[in-house]
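Comments concern the structure below.
The residues of the chain are indexed from 1 along the displayed sequence.
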Amino acid sequence: MSDQPFRDRVRERDLDNFLIEELQASAGFRNWFVGNVVPAFAEPAGLEIRLQKSPPRLQDARQTDVQIGWFDAAGELRAVVLIESKVTADFQPGQVEAYVAELAAARDRLGTANAATILVTPEGRLAGLTGAAAFDARVSIEEIIDHLEDRRRSDGLSPELDARLDMRVQLLEALCGKRAASGWIATTVPEKRDFADAYAALARERLPGLKVRLSTDGPKAITRIFEGLDLPGLPTPALRHEFGSGVAWKWANAQFAGLSSAVDRLRSSGVLAGTRFTAEPAGKSLAIRVQTPGIDPTAPFEGQREAVVAGLDAIGELATWLTGNVAGLAPLLSSSAPSPSPAAPAAIVSQDRERVEREFVAALRDIYAQCDALGYQPTGMLQMVDRLGGIGTARRLLELPPSDGFGRLALLGRVDLAVESLVLQSRWAGVFAEDELRTARRRLR
């Protein structure tokens with residue numbers, strides 16, 4: 001069999017077919033995918049879910065690429081998510097406006113929280129795709145790949161299902177790399193392969209109980225994933241050593257899928273007291289993590305050996321701590337554990353965290369003062385600070401679609417005053433999760 005079965009033979013309709021199959025067959029994938037549009041959309045419970053490809057719109061003769069519909073017992077549509085795929089082509093004239101009109105009609109008929117739109121495209125296309133901000137959520141194909149790879153690391157996966165997911169990943173990778181008339185072929189960066197071989201050898205020496213998962217060592221490979229961590233009574237986490245991309249510091253972390261709601265419980269429990277670890281949300285996952293030196297996998301290995309050793313030792317420290325604290329973590333990570341009252345702020349477990357919060361609030365108020373001098377008053381941001389605190393405000397703004405204020409700053413040529421720019425400053429290293437930083441970077445591009 002060919003080791004590059006898709007190469008340049010992929011088309012946008014392949015992405016539509018993938019979405020139809022995966023959204024219909026995998027509740028886990030569907031929950032994750034639809035979760036990207038929260039809070040603009042509230043998924044109804046107990047209804048029949050139907051997938052459609054290219055259904056005609058009510059407002060014109062155009063078609064939606066993929067539609068998820070929630071139907072009641074009488075067959076009446078009660079909620080809908082409209083999905084648009086863009087791989088190589090741009091929006092046709094009037095296409096974005098047609099989506100906006102269809103969404104407005106659906107919300108009038110079904111309710112504001114019962115209709116939403118999602119754009120799916122390679123991450124590299126988002127910057128130049130005019131009209132992308134009109135959608136309630138933008139999900140990159142690379143994010144879908146990461147989700148499938150996380151699933152491949154779960155326990156009890158049959159060889160057949162693992163092989164099927166692997167082929168889906170290869171299809172999506174081909175779509176990400178596709179260029180018009182390019183004959184794209186997935187490639188390995190030679191320098192990364194040399195680095196990876198040396199890294200794996202050192203990992204076998206320092207972490208004999210764990211195994212480094214094989215990587216393509218392609219242009220986007222900046223994380224190493226470890227297998228073999230067994231935590232009886234706990235969900236299996238993704239154990240990750242993040243190298244970063246030209247940054248001084250990154251993370252060793254264990255990510256528990258679907259458990260972001262446990263972050264506050266873990267922080268307030270005291271179980272992390274006396275450790276170097278922090279608990280942070282990573283999308284819908286819980287990340288228990290520790291800071292490690294950034295690594296450049298394209299540079300010579302020997303010059304970075306000390307940084308690699310620090311990262312590997314952090315992975316080992318994290319694995320040992322998790323193994324020794326299974327009993328204490330089990331009730332905290334249980335889906336049935338009580339959640340903190342939503343009206344109460346997240347527990348602050350150290351004076352250092354309080355200091356960071358105070359400094360972040362001061363930075364937001366300084367942003368307001370500079371915006372005010374330009375004739376723009378982002379009063380909504382200050383109101384959010386009063387309700388959610390500084391860091392909570394930033395996280396909330398990163399969860400929502402880009403605000404009107406972001407667009408205003410872009411028109412003024414001052415996106416340096418946007419919250420997205422603030423969270424990327426090095427002085428907040430460790431405060432925000434990687435997916436939050438990725439969102440900020442994507443918007444600023």
Between [Y] and [X], is the closest basic N to carboxylate O distance under 4.0 Å?
{"X": "E22", "Y": "R30", "value": "no"}
{"X": "E227", "Y": "K211", "value": "no"}
{"X": "D14", "Y": "K53", "value": "no"}

Reported [atom1]-to-[atom2] distance for the pair [X] and [Y], which is rounded to 0.5 angstrom:
{"X": "H147", "Y": "L172", "atom1": "NE2", "atom2": "CG", "value": "11.5 Å"}
{"X": "I144", "Y": "L171", "atom1": "CD1", "atom2": "CG", "value": "10.5 Å"}
{"X": "E149", "Y": "D166", "atom1": "CD", "atom2": "CG", "value": "7.0 Å"}
{"X": "D16", "Y": "I83", "atom1": "CG", "atom2": "CD1", "value": "9.0 Å"}
{"X": "I118", "Y": "I68", "atom1": "CD1", "atom2": "CD1", "value": "6.0 Å"}
{"X": "R206", "Y": "L312", "atom1": "CZ", "atom2": "CG", "value": "7.0 Å"}

> Looking at R442, R396, R395, which hits salt bridge (Lys or Arg N to Asp or Glu O under 4.0 Å) with E436?
Replying inline: R395
Minimum heavy-atom distance between [X] and [Y], given as atom pair plus value:
{"X": "L444", "Y": "S421", "answer": "CD2-OG, 3.5 Å"}
{"X": "A440", "Y": "V423", "answer": "CB-CG2, 3.8 Å"}
{"X": "D65", "Y": "S85", "answer": "OD2-N, 2.8 Å"}
{"X": "L175", "Y": "V87", "answer": "O-CG1, 3.7 Å"}
{"X": "L234", "Y": "A330", "answer": "CD2-CA, 3.5 Å"}
{"X": "A252", "Y": "G311", "answer": "CB-O, 4.5 Å"}

> What do the steps show when you test W249 against T292 for side-chain contact (heavy atoms from CB on, under 4.5 Å), and what is the final call?
Replying inline: CA-CA 6 Å; W249 298 96; T292 56; 5.7 Å; no
> If you count the non-hydrogen atoms of other residues, nucleotides and ligands that lie under 6.0 Å from CZ in R50, is the total more than 12?
Replying inline: yes
> Should the heavy atoms of other residues, nucleotides or ligands under 6.0 Å from CD of Q425 be counted, would the total exceed 12?
Replying inline: yes
Quick one: are [X] and [Y] in side-chain contact, heavy atoms under 4.5 Å?
{"X": "L202", "Y": "V309", "result": "yes"}
{"X": "L77", "Y": "D72", "result": "no"}
{"X": "E280", "Y": "R267", "result": "yes"}
{"X": "Q304", "Y": "D296", "result": "yes"}
{"X": "Q255", "Y": "P237", "result": "no"}
{"X": "V120", "Y": "R138", "result": "no"}
{"X": "Y199", "Y": "V308", "result": "yes"}

Any sub-3.5 Å donor-acceptor pair from [X]'s side-chain atoms to [Y]'s backbone N or O?
{"X": "N36", "Y": "F33", "value": "yes"}
{"X": "T121", "Y": "K86", "value": "yes"}
{"X": "S140", "Y": "E123", "value": "no"}
{"X": "R276", "Y": "V290", "value": "no"}
{"X": "T275", "Y": "L272", "value": "yes"}
{"X": "T393", "Y": "M384", "value": "yes"}
{"X": "T439", "Y": "D435", "value": "yes"}
{"X": "D136", "Y": "T117", "value": "yes"}
{"X": "T112", "Y": "R107", "value": "no"}
{"X": "N325", "Y": "G328", "value": "no"}

>> Apply side-chain contact (heavy atoms from CB on, under 4.5 Å) to residues F277 and E317 and explain how you reach the verdict.
In response: CA-CA 10 Å; F277 309 131; E317 180 185 353; 3.8 Å; yes
> Looking only at side chains, do E242 and N253 share a donor and an acceptor under 3.5 Å apart?
Replying inline: yes
>> Quick one about E21 and N17 (side-chain donor to acceptor, distance below 3.5 Å, no hydrogens or angles considered), yes or no?
In response: no
What class does the angle between the rings of [X] and [Y] fall in, given that below 30° is parallel, 30 to 60° is tilted and above 60° is perpendicular?
{"X": "H241", "Y": "F243", "value": "perpendicular"}
{"X": "F301", "Y": "F195", "value": "perpendicular"}
{"X": "W428", "Y": "F360", "value": "perpendicular"}

> Cation-pi between R168 and F18: NZ/CZ under 6.0 Å from ring centre and within 45° of the ring axis?
Replying inline: no
> Distance under 6.0 Å and angle within 45° of the ring axis: does R289 meet both against W251?
Replying inline: yes
